[in-house]
Structure formats: structure tokens, C-alpha cells
Amino acid sequence: RTDKAWEIFSEMMQMGISPDVFTFNKVIQAFCTEGKLEEASALLPRMEQMCCKPDVFTYNVIINGLCKRRQMEEAGRHFHEMLNRGLIPSHITYNTLIDGYCKSGNLEQAFEIRDRMRGQGLVPNLVTYNSLINGLCKSARMEEAKGLLTEMPREKLVPDNATYSILIDGYSRLGDIRGALELHGEMVRKGFAISVFTYSVLLNGLCKEGRMRAAEEILKEMMGKALVPNKIVYNTLIDGYSRLENTEAALRVHQEMGRRGIIPDVITYNALMKGLCRGHKIQEAVELLKEMYGMGLVPDTVTYNTLIDGHAKIGNIQEGFRLLEEMQ
RNA sequence: CUAAUCCUAAUUGAGCCGA
């Protein structure tokens, strides 16, 4: 809501209340999260003339906005700009850049930033490790990822739920369910407080492999620890059953989530429709479209693509085109 | 208010590219 933020910001200036660094940082952050990075950068000179110099937070926010949009060259420029201004980058500055480079697939540069961080006397922390491990996992470099995990205790760092879920997800996406389950077993053995989030990652891995029996077991284990499944957990299971065209089971999970008072979202319905379409139960899928509307949910591109694809696959091109028009 | 604002992990479609 940059519009609103900007409005209030202007209003406070009109009232003669001068903004401070904090105020500016918030406005800049708002622009960044909306992807209006030009506007965000344009505020730097303005804040200087109005009240104050940009601080490390200011730069972190901007660099993060650029990293999130994979504009790494520009992020690097801002990083150097902050150095030129005599500002000392923090852990967060470095972590932000490391994550950005990892997500852009430039692991080399990510590690270089880590070294630079060390050179400045800053010790890589948990987020640094998690970001790098994530980068390695996404590049299918599991050995090195695991290597970083084992290196953590030497740095007096304790892996957290993010660390484990990153690795479990990494193994899962490479089809290495054993590796994923092994890590899970390690957490259980250690008596680690596994979160619902982490469970959902493992469940997703099992579901993608069609291991629904195992998934149900893990779900039981989770609930046995008094953890409450959330929407994502249910959506994941529905997707798993849908991939196997087990529409009965998918619908059963859908009902179960309703019984537990969890409101389905667009993803829930998209996953259900996928199963029905694959099982050639297109009519039922279309029924769900109505049900969605009834719940105040707005079908998205995925919804329509699923249905159009379903119709196309059974040769009902005409209905496919009708849906195409309906979505426009 | 202010030990305030900034960093890391999960769920849905089709197509394209690649093997």
C-alpha cells in the first residue's frame, strides 16, 4: 500500500512534522516491496536534503528490494555506494546479498561475499548458512550443502527449522526421499522441535513421489506431537492424491480440513480440480469452480488453465475456448 | 513508543527449453 503510505507521509510533512530516518526507511521499504525501486532510490537524495542521511537500514532495505528482483548489479552498486558513504555493512547487508546471488544462481559470488564479510570481521551466522545451503541445494550440490551443515557446530551455530527444511526440500526435489527421511530421523533422534513448516516440506517431498502411505504416517507423527496441520499441509496432501488421480482421497482431505475449520484457498481448489481433470471428472471440477465463487474465492490463471487443459485433453476444445473467454 | 524499521525455508496449472 505505497499509495496510502505516501499519503500519510505527505500529510505529516504538511502538518509540519518532519520525518526522520525511521520514517523514510519505512516509506522506502514500502516502495521496495511493491517493486518500485526507482522511486525508492530517488528518496535517498530527498531524505538528505530534508532531514537525515540514509543509514545501514536504508541501504539494506533497498539492496533487499533489488535482490528480490534479481537486480544484482544494481544491488552491488548500492552496496558500494554505502561503503563510499562510510557506512559499515551489517550481517544483514551481507546475508541479503548472499541470498540474492544464490537465488540468481551465482554461488561463486555468494561465497565471495561471505569471505568479504569475514574479512570485515563479521562471522557468518545462521541466516548466512541457511542462505548458502539453500543456494547449494537449489543447484543440486547436496554434498556441499551437507558439508556446510556439519561445519555449523564448529562455528557454534545450531541448525534450526529453516536449515533442515531447506535440506529436506533439496533432497526431495532431487528425488532422494531417503536423504530427506534420514534428516528427518536425525531431527527426531535429537529431540529437535520440528515445526509444522518443516513437516510440510517433508510431506511435500513424499507427496510428489506418490508416497501417500508414508505421508499419512508422517502426518500422524506430527499430530501426535500436538502440532496442528495448517492450510499448506492439507493443500500438499490434496495435491499428492490428485497427482495419483485419487480424487476420493483428495476430497476426503478437503472435507477433513473443513471439519477442522481451515478455510480452503485458491490453491486448495486448483489442486482438487487438477485431480478431477486428470481423472476425467471434468464435470465435477467445473462444479468446484462454482463452489469456489460461493466461498468468495476468485479463480486465477492456474484455475482456468487447469480446467482448459482438462477439457482439451478429452477433446472438448469448444468448452476450452469458452472458458478462455470467461476468464477474459 | 524506541531492545522500534532491514536478511534465510513449505503447497496449485499450462507451455517453453533441456536430458
Side-chain angles (χ1 to χ4, degrees), chain A residues 19-30 32-33 40 54-65 67-68 75 82 89-100 102-103 110 113 117 124-135 137-138 159-170 172-173 195-205 207-208 215 229-240 242-243 250 253 257 264-275 277-278 285 299-313 320 324 327:
Chain A
D20 62 2
V21 206
F22 187 101
T23 322
F24 264 104
N25 286 352
K26 274 315 216 181
V27 174
I28 289 173
Q29 185 190 16
C32 284
T33 40
D55 62 5
V56 177
F57 281 63
T58 318
Y59 277 98
N60 287 350
V61 168
I62 291 182
I63 291 172
N64 183 242
C67 286
K68 286 274 143 45
M82 79 187 277
S90 66
H91 273 103
I92 295 187
T93 318
Y94 287 110
N95 288 344
T96 304
L97 285 166
I98 287 171
D99 182 59
C102 283
K103 300 233 164 89
I113 298 287
M117 169 177 178
N125 64 16
L126 183 59
V127 175
T128 318
Y129 271 89
N130 287 348
S131 302
L132 289 168
I133 291 174
N134 192 30
C137 286
K138 296 280 145 47
D160 66 353
N161 270 293
T163 320
Y164 284 112
S165 66
I166 288 166
L167 283 158
I168 290 175
D169 187 61
S172 298
R173 287 185 200 279
S195 68
V196 173
F197 195 116
T198 305
Y199 269 108
S200 76
V201 176
L202 178 59
L203 287 170
N204 184 42
C207 288
K208 290 295 177 289
N230 62 17
K231 195 179 292 188
I232 295 184
V233 167
Y234 285 116
N235 287 350
T236 303
L237 291 167
I238 289 173
D239 176 64
S242 288
R243 281 171 191 275
V253 175
M257 83 190 270
D265 60 9
V266 181
I267 295 181
T268 315
Y269 280 98
N270 290 348
L272 282 169
M273 287 178 187
K274 173 175 65 183
C277 286
R278 288 189 183 186
D300 60 9
T301 327
V302 178
T303 317
Y304 278 102
N305 284 351
T306 305
L307 292 173
I308 291 172
D309 184 58
H311 282 103
K313 290 240 163 78
L324 179 63
M327 74 188 280

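Every chain is numbered from 1, with letters handed out A, B, ... down the list of sequences. For the numbers below, each heavy atom of this structure counts, side chains included, while hydrogens, waters and symmetry mates do not.
Here the CE-CG distance, from A:M327 to A:D300, works out to 8.5 Å after rounding to the nearest 0.5 Å. Separation of atoms OG1 (A:T236) and CD1 (A:I267) is listed at 9.0 Å; rounding is to 0.5 Å. For the atom pair A:H91 NE2 and A:M117 CE, the distance stands at 4.0 Å (nearest 0.5 Å).
A donor-acceptor pair shorter than 3.5 Å can be found between the side chains of A:N134 and A:K138. A:N204 and A:D239 form no side-chain donor-acceptor contact under 3.5 Å, judged by distance and modelled atom types alone. Side-chain contact of A:N270 with A:K274: a donor-acceptor pair under 3.5 Å is absent, judged by distance alone. With 3.5 Å as the limit, one finds no donor-acceptor pair spanning the side chains of A:N64 and A:T96.
Annotation: B:U8 and B:U12 have their C1' atoms spaced 24 Å apart (nearest Å). Remark: the separation of the P atoms in B:U5 and B:C1 is 13 Å, to the nearest Å. Going from the C1' atom of B:A10 to that of B:A14 covers 22 Å, rounded to whole Å.
Looking at A:N161, its side chain does come within 3.5 Å of a backbone N or O of A:S195 through a donor-acceptor pair.
Taking atom CG of A:D309 as the reference point, atom P of B:C16 lies 12 Å away to the nearest angstrom.
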| request: Would you sketch RNA chain B in dot-bracket for me? Only Watson-Crick or G-U wobble pairs with both distances under 3.5 Å count, crossing pairs as [ ], other-strand pairs as |, the rest as dots. | output: ...................

| field | Contact pattern, 5' to 3', of nucleotides 4-11 of chain B - B, S or - by protein heavy atom under 4.0 Å | value | BBBBBBBB

